[in-house]
Asks: 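Would you mind keeping the following structure in view while I ask a few things?
It should be emphasised that the depicted structure is a prediction, and the values quoted were computed from it without experimental measurement.
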Amino acid sequence: MGVLTLALTLPTTGTANASTSDQVTFTWRGYLTAGSCTIEPGAKWTLYSDGTARLDATVFSLDDNDAWLMWAHLLDGRKAVLGDIRVYRSSSTKFVKNLPSHTRSYRWIAWGQFDPSLFDLVEHMSLSKHC
């Protein structure tokens with residue numbers, strides 16, 4: 001079982017130029033910011049051929065009592081939207097991480113799901129975000 005890790009040049013769009021038969025990982029090398037919230041470089045979305053997805057990221061805010069809101073979009077080779085990752089066992093596509101204290105960073109591990117028939121079509125990812 002191999003893992004493909006990609007270096008991305010744009011902070012909110014990822015490109016997969018190859019994949020294993022069972023998973024692909026998109027890694028963001030730069031900071032992702034929205035308002036006073038930031039995800040640190042190295043954030044990863046891993047997609048699995050069974051239609052599950054995993055986020056692994058570190059996030060912080062410059063203010064107390066913030067929340068990072070994110071929507072993860074799956075795109076084909078022409079960057080047309082195939083669908084969105086949904087929160088695991090939910091119909092919601094909005095992922096939320098509460099950030100109670102500005103003096104701490106928070107590790108964010110989240111699971112999602114998507115239509116597994118899209119797996120072989122996904123070549124890019126994009127993120128919409130809000131703080």
Side-chain angles (χ1 to χ4, degrees):
M1 182 183 303
V3 176
L4 172 67
T5 301
L6 303 169
L8 305 174
T9 57
L10 299 175
T12 58
T13 304
T15 303
N17 52 17
S19 68
T20 67
S21 62
D22 59 353
Q23 70 184 55
V24 61
T25 298
F26 295 87
T27 302
W28 277 258
R29 299 283 184 216
Y31 288 94
L32 300 172
T33 60
S36 59
C37 298
T38 300
I39 288 184
E40 295 179 0
K44 296 178 183 182
W45 270 106
T46 302
L47 308 180
Y48 300 92
S49 61
D50 68 356
T52 58
R54 180 179 187 264
L55 169 68
D56 185 353
T58 302
V59 62
F60 65 91
S61 177
L62 299 175
D63 294 326
D64 288 339
N65 300 313
D66 259 340
W68 180 274
L69 290 75
M70 180 171 51
W71 297 262
H73 315 292
L74 305 175
L75 312 175
D76 70 9
R78 300 180 114 184
K79 296 188 179 178
V81 175
L82 294 165
D84 291 338
I85 298 175
R86 297 179 314 279
V87 175
Y88 192 70
R89 295 188 178 174
S90 169
S91 61
S92 175
T93 59
K94 179 172 60 175
F95 290 82
V96 179
K97 179 66 175 174
N98 290 322
L99 307 171
S101 173
H102 76 279
T103 62
R104 299 183 62 188
S105 293
Y106 298 89
R107 184 80 177 267
W108 190 5
I109 306 292
W111 284 93
Q113 60 193 41
F114 62 96
D115 180 347
S117 68
L118 300 177
F119 179 78
D120 290 331
L121 300 174
V122 177
E123 293 186 32
H124 307 272
M125 278 189 72
S126 69
L127 304 175
S128 298
K129 54 202 180 342
H130 183 75
C131 178

Asks: Which distance, rounded to the nearest 0.5 Å, do you find between the CG of Leu75 and the CG of Leu118?
Replies: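 Spacing of CG (Leu75) from CG (Leu118) equals 11.0 Å.
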Asks: Hey, does the side chain of Tyr106 reach the backbone of Ser101 with a donor-acceptor pair shorter than 3.5 angstrom?
Replies: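 The answer is yes, because a donor-acceptor pair under 3.5 Å joins these two groups.
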Asks: Say you draw a straight line from OG1 of Thr46 to CZ of Phe26; how long is it, rounded to the nearest 0.5 Å?
Replies: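 One finds 9.5 Å between OG1 of Thr46 and CZ of Phe26.
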Asks: If you measure from CZ on Arg86 to CD on Gln113, what distance do you get to the nearest 0.5 Å?
Replies: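 Reported value, rounded in 0.5 Å steps: 4.5 Å.
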Asks: Roughly how far apart are Lys97 NZ and Asp66 CG, rounded to 0.5 Å?
Replies: 13.5 Å
Asks: What is the minimum heavy-atom distance between Ala67 and Cys37, and which atoms define it?
Replies: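 Heavy atoms only, the tightest pair is O-SG, 4.0 Å.
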Asks: According to a hydrophobic-cluster definition based on side-chain heavy atoms being under 4.5 Å apart (Ile, Leu, Val, Met, Phe, Trp, Tyr only), do Val87 and Leu69 belong together?
Replies: no
Asks: So which heavy atom on Ala72 is nearest to which on Met125, and how close?
Replies: CB-CE, 3.9 Å
Asks: Do Leu127 and Ile39 pass the side chain to side chain contact (heavy atoms under 4.5 Å, CB included) test, and can you show the C-alpha distance, the side-chain angles, and the key distance before you say yes or no?
Replies: CA-CA 12 Å; Leu127 304 175; Ile39 288 184; 5.9 Å; no
Asks: Which heavy atom of Thr38 sits nearest a heavy atom of Tyr31, and at what distance?
Replies: CG2-CD2, 3.5 Å
Asks: Could you walk me through whether His102 and Asp63 pass the side chain to side chain donor-acceptor pair (under 3.5 Å) check?
Replies: CA-CA 5 Å; His102 76 279; Asp63 294 326; over 6 Å; no
Asks: Measuring from Leu32:CG to Glu40:CD, what's the distance to the nearest 0.5 Å?
Replies: 11.0 Å
Asks: Answer with yes or no whether the hydrophobic clustering places Trp71 together with Val96; edges join I, L, V, M, F, W, Y residues whose side-chain heavy atoms lie under 4.5 Å apart.
Replies: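 Yes; tracing contacts between hydrophobic side chains, which count when under 4.5 Å, links both residues.
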Asks: For Val24 and Phe119, run side chain to side chain contact (heavy atoms under 4.5 Å, CB included): C-alpha distance rounded to whole Å, both residues' side-chain angles, the deciding distance at 0.1 Å, then the answer.
Replies: CA-CA 9 Å; Val24 61; Phe119 179 78; 4.1 Å; yes
Asks: Could you check whether the rings of Phe95 and Trp45 sit parallel, tilted or perpendicular, using 30° and 60° as the cut-offs?
Replies: perpendicular
Asks: Could you tell me whether the side chain of Asp84 reaches within less than 4.5 Å of the side chain of Leu74, counting heavy atoms only?
Replies: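 With C-beta onward as the side chain, the pair stays apart.
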Asks: Can Leu62 be reached from Leu99 by stepping across I, L, V, M, F, W or Y side chains whose heavy atoms are under 4.5 Å apart?
Replies: no
Asks: Side chains of Leu47 and Val122: does their closest heavy-atom pair fall under 4.5 Å?
Replies: yes
Asks: Asp76 vs Glu123, test: side chain to side chain contact (heavy atoms under 4.5 Å, CB included). Steps then yes/no.
Replies: CA-CA 5 Å; Asp76 70 9; Glu123 293 186 32; 5.9 Å; no
Asks: Which atoms form the tightest heavy-atom contact between Cys131 and Ala34, and what is the distance?
Replies: CB-O, 2.9 Å
Asks: Is there any salt bridge (Lys or Arg N to Asp or Glu O under 4.0 Å) pair reaching into residues 50-61, and which pairs are they, with sequence neighbours excluded?
Replies: Arg54-Asp56, Asp56-Arg107
Asks: What's the spacing between Leu82 CG and His73 NE2 if we round to 0.5 Å?
Replies: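 NE2 of His73 is found 12.0 Å from CG of Leu82.
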